[in-house]
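To keep things clear, I will list the structure first and then write my remarks on it.
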Amino acid sequence: MVVDPSEFISYGEWLANALGGFVVLALVIFVAWTVIAFALTAIRNTPGQAVSIVGGGLKRAIFEDFPRSSLQRTIGMSRLAIQEAIRNKVLIIFALFVVLLLFAGWFLDVQNDHPARLYLGFVISTSTYLLLALAMFVSSFSLPNDIKNKTIYTITTKPVRAHEIFLGRVLGFGAVGTVLLLLMGIVSYVFVVRGLDHSHTIDTASIEWDEETGLGTGFTSVDSHHRHDFLINRNLEGEGPVGVTEVAQGHSHTIFRDGENYVLGPPTGDLLARVPVYGSLRFLDRYGRESEDGGINPGKEWTYREYIEGNTLSTAIWTFEDLSPEMFSTGPGGDEGVLPLELNLRVFRTTKGDIEGKVRGEILLVNPDKALPVRERYSAPIPFEAEEFQTFQINIDYNDIRKQNPDTAELEKVNLFQDLVTKGSLEVHVRCRDHAQFFGMAQADVYIPAPEGSFEMNFFKCYLGIWMQLVLVTSFGVFFSTFLNGIVAMVATLSIVVMGISSGFIGEVQSGENPGGGPIESLIRNITQQGATVELDMGETATSVIQALDSLYLDTMESVANLAPDFPQFNMASKVAYGYDIHLELILKQITTTLVYFTVLLFAGYFVISSREIAA
Amino acid sequence: MSKSVDDKQDVIIETRNLTKVYKDFWGRPKVNALESLDLEVRRGEIFGLLGPNGSGKSTTIKLILGLLFPTSGQALVFNKEASDVSKNERIGYLPEESYLYKFLNAEETLDFYGRLFNMSAGRRKQRVRDLIKLIDIEWAKRRQLKEYSKGMTRRIGLAQALINDPELIVLDEPTTGLDPIGTREMKELIVRLRDQGKTILMCSHLLADVQDVCDRIAILHQGELKEMGAVENLLSVRDITQIQAKGLSEEAQQQIRSIIESDQADLVSMENPTTTLEDLFLGIVRDSKARPGYNRKRERDQQEPVAAAETTGASDESVDSEDES
């Protein structure tokens, strides 16, 4: 799973950085409104009158309209929006969603390796698309319809303030969307849980027993398009588990004894909410020196992960902070316990070798206190084997953490927290052992799993992200509808969503990180069949003109895209599907972003409505 | 309190040099919808705006309500700028077509508009009940407005205009779509509202309705004010004197005034005959078309400054003195 590097920034730090952006956003909209309002008024009247009218409008907004806001009126407007939406039969969207779920079996791959990811991805993305499309449609057409049907006359001739018209619609449509989202969320949860729930049977006669150890192996029955290998220990007594199955389709089952037979418990491990404790990442180059450029890029275009070279001193170093013995120790004095590490490494092979085989690596636990002698700081290497595309967990038992005595060359047991952790800080060094092979990693690829969170709560947080997108889209839809007609307002809202989703890509194209040039250059490259990475062969002058035009276009696009909300930030489907807890700080960032956009759009909507001639 | 302050408080609507020019996309003037309109509507009167289609009546109302912004000049309502939303607390507006939300029923409609006036739940409920009774629509109060006839919609439109018990009621074509009984009831209601002290500004094409209920009227044509004054003054034919006498001798008929006096006959009436509003209206429109720029009011004001002062109704004293006589 890919984790956006911005997620590692703490809320306080993020807010301090984002505050500047928010102020710029507010200023841009405020200045744009003032300039446009002044220009239009000056055309209609004289520049002197325009100053007085626009200034008067600002004064009225600050001293009269906003202070005299009424909850009652806003509720009235919201109720109207709700009634309008319901009587326009928007609830049919829910029916459509249910129908899609009913027939999901027709188009979902039931033999998928990770059905939980598939089901969750399906229900979350379907809910998101349906709701956002609905919000875009309803919010963009409502106000223009009121203006077209002139029903707005009976509103604006009442003591309703312009921002109450905006607010009422956003809250009303938001409320309808919330109810729909809740219903979809409940149905989705039931669909996923029931869809994944299954059991298998074990044919006792088919179990192969090892008479010496009392261990039995075999296969379960095929149910839900899969079966499991299992291992049972018949010597275990009591009502507890006597065995466990291998992981298949992303889950396993615990096995219990039932008289002479064995039964399987419900599937486990498919609906998780792992809480990762992330560390910061830095690299050492092949000679063991601090690398300023990070890891190696072995030629892959995607730069999310960086690589370390095998059988060299090239090292990836994660520094974990705020660790305490209580997190892992089980015995008194911190002598007993397990340090769990989850690794999600990529493997890049430069020699074919055994393509099915795993690549070897090693972990060293290192005390970050550089004042200590080197021999005191490093644990002995802890070996592991990595496989492409597999997340695996290494549980480092305290008893296995050793340090080589430089005098005797003997491996001696060390105490993790006394010898290797300083002020809660621990370094984990990862190296690749195999020559000519590489490990690829990003900051989120090695972490310490804290106690697992609740899947249900994670699911709820994910839907909270959809809800915030709903509020954003509704706010933009209503805002655009204050000065555009319905269909244009909807296209404008859609453009904002697309801009928000692709702002990263636009930035990459603009900066040249994504080669091939802007729209004109890439079109020419397509027609003339020139590769994206070679120089454009059109002659010096023509190339300069093309690139200048592209640059102008991309600069404009990037500026607009930077004003749009970062919609991918709100999409947390992959976190839920891959079983990672959604951190509260991420939710806080999203709530802040939503509130800022909502507030800015509320003010912008107020100024547009109050400065437009409703009956013109 | 000085008289001028009283006068100021009595002026509910005032327009000063109010002008509206509709412009095209490029900002070029397209239509002069209203030109330098000066008028005052005073507390407690029924003021009618008359004019053919495109004369500027609706534009005037929209400017007064703040639905349009003036190109120049000013519209004041309760001495506040028309764009000031707080003035709407005291206004009720019945638009030309009862632009209402068709998916609501009568009760929901009135309750919704009641909320917009920040009315408490109890007061809203009471007001909704009273108004539904007033417009006699109890039997259909739970039906969606899309099922209503035009007359019923008109009535619910009127009810929404009265929900806040307004001081100023602006009625755009109030009798449109009503049957004769409905029209009569509407006119009676308008007069009743005036008698309760409310001020009414209405515009209508139906001249008989205006003649029946309005105290004063203004006639607009091609965006210009062509005539304004008290209805009875405007309809009076000033250059003709009509005398009705009983038992007048043949001789006395030759020297009417002196003979009436000398003969000590009973003078039944001596007055200017009145024309109909329809004749007046059509005459103004005809004159205006034949002589663009011709303004009957201005001409009359120049000829009879004293009479002009009376017809503008600017002085309540003149009305009072007429009433007393």
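Everything numeric in this text was worked out from a predicted model, so none of it was measured. Basis for what follows: all heavy atoms, side chains included, without hydrogens, waters or symmetry-related copies. Letters go in sequence order (proteins before strands), and every chain restarts at 1.
- Neither the backbone nor the side chain of T59(B) comes within contact range of chain A; no heavy atoms are under 4.5 Å apart.
- For R60(A) and E81(B), the salt-bridge test fails: no basic side-chain N is under 4.0 Å from an acidic carboxylate O.
- In terms of heavy-atom pairs under 4.5 angstrom with chain A, the leader among L94(B), V85(B), L65(B) is V85(B).
- Interface summary for chain A: among K62(B), R90(B), E89(B), the most heavy-atom pairs under 4.5 angstrom belong to E89(B).
- Within residues 66-81 of chain A, the residues approaching chain B closer than 4.5 Å by heavy atoms are, in numerical order, R68(A), S70(A), Q72(A), R73(A), I75(A), G76(A), M77(A), R79(A), L80(A).
- The interface of residues 101-135 of chain B with chain A, defined by heavy-atom distances below 4.5 Å, comprises Y101(B), F103(B), L104(B), E108(B), D111(B), F112(B), Y113(B), R115(B), L116(B), F117(B), N118(B), M119(B), S120(B), R124(B).
- Residue L67(B) comes nearest to T156(A) through the heavy atom pair CD2-OG1, 3.1 Å, listed as atom of the first residue, atom of the second, then distance.
- Taking OH from Y153(A) and CD1 from I61(B), the interatomic distance works out to 12.0 Å, rounded to the nearest 0.5 Å.
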Step by step, work out the side-chain contact (heavy atoms from CB on, under 4.5 Å) result for Q160(B) and T154(A).
-> CA-CA 9 Å; Q160(B) 69 79 28; T154(A) 56; 4.1 Å; yes

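- At a heavy-atom separation below 4.5 angstrom, chain B is approached by E84(A), R87(A) within residues 84-93 of chain A.
- In this structure, I614(A) CD1 and F69(B) CZ are separated by 7.5 Å, a value rounded to the nearest 0.5 Å.
- Among residues 157-177 of chain A, the residues having any heavy atom closer than 4.5 Å to a heavy atom of chain B are, in sequence order, T157(A), K158(A), P159(A), V160(A), R161(A), R169(A).
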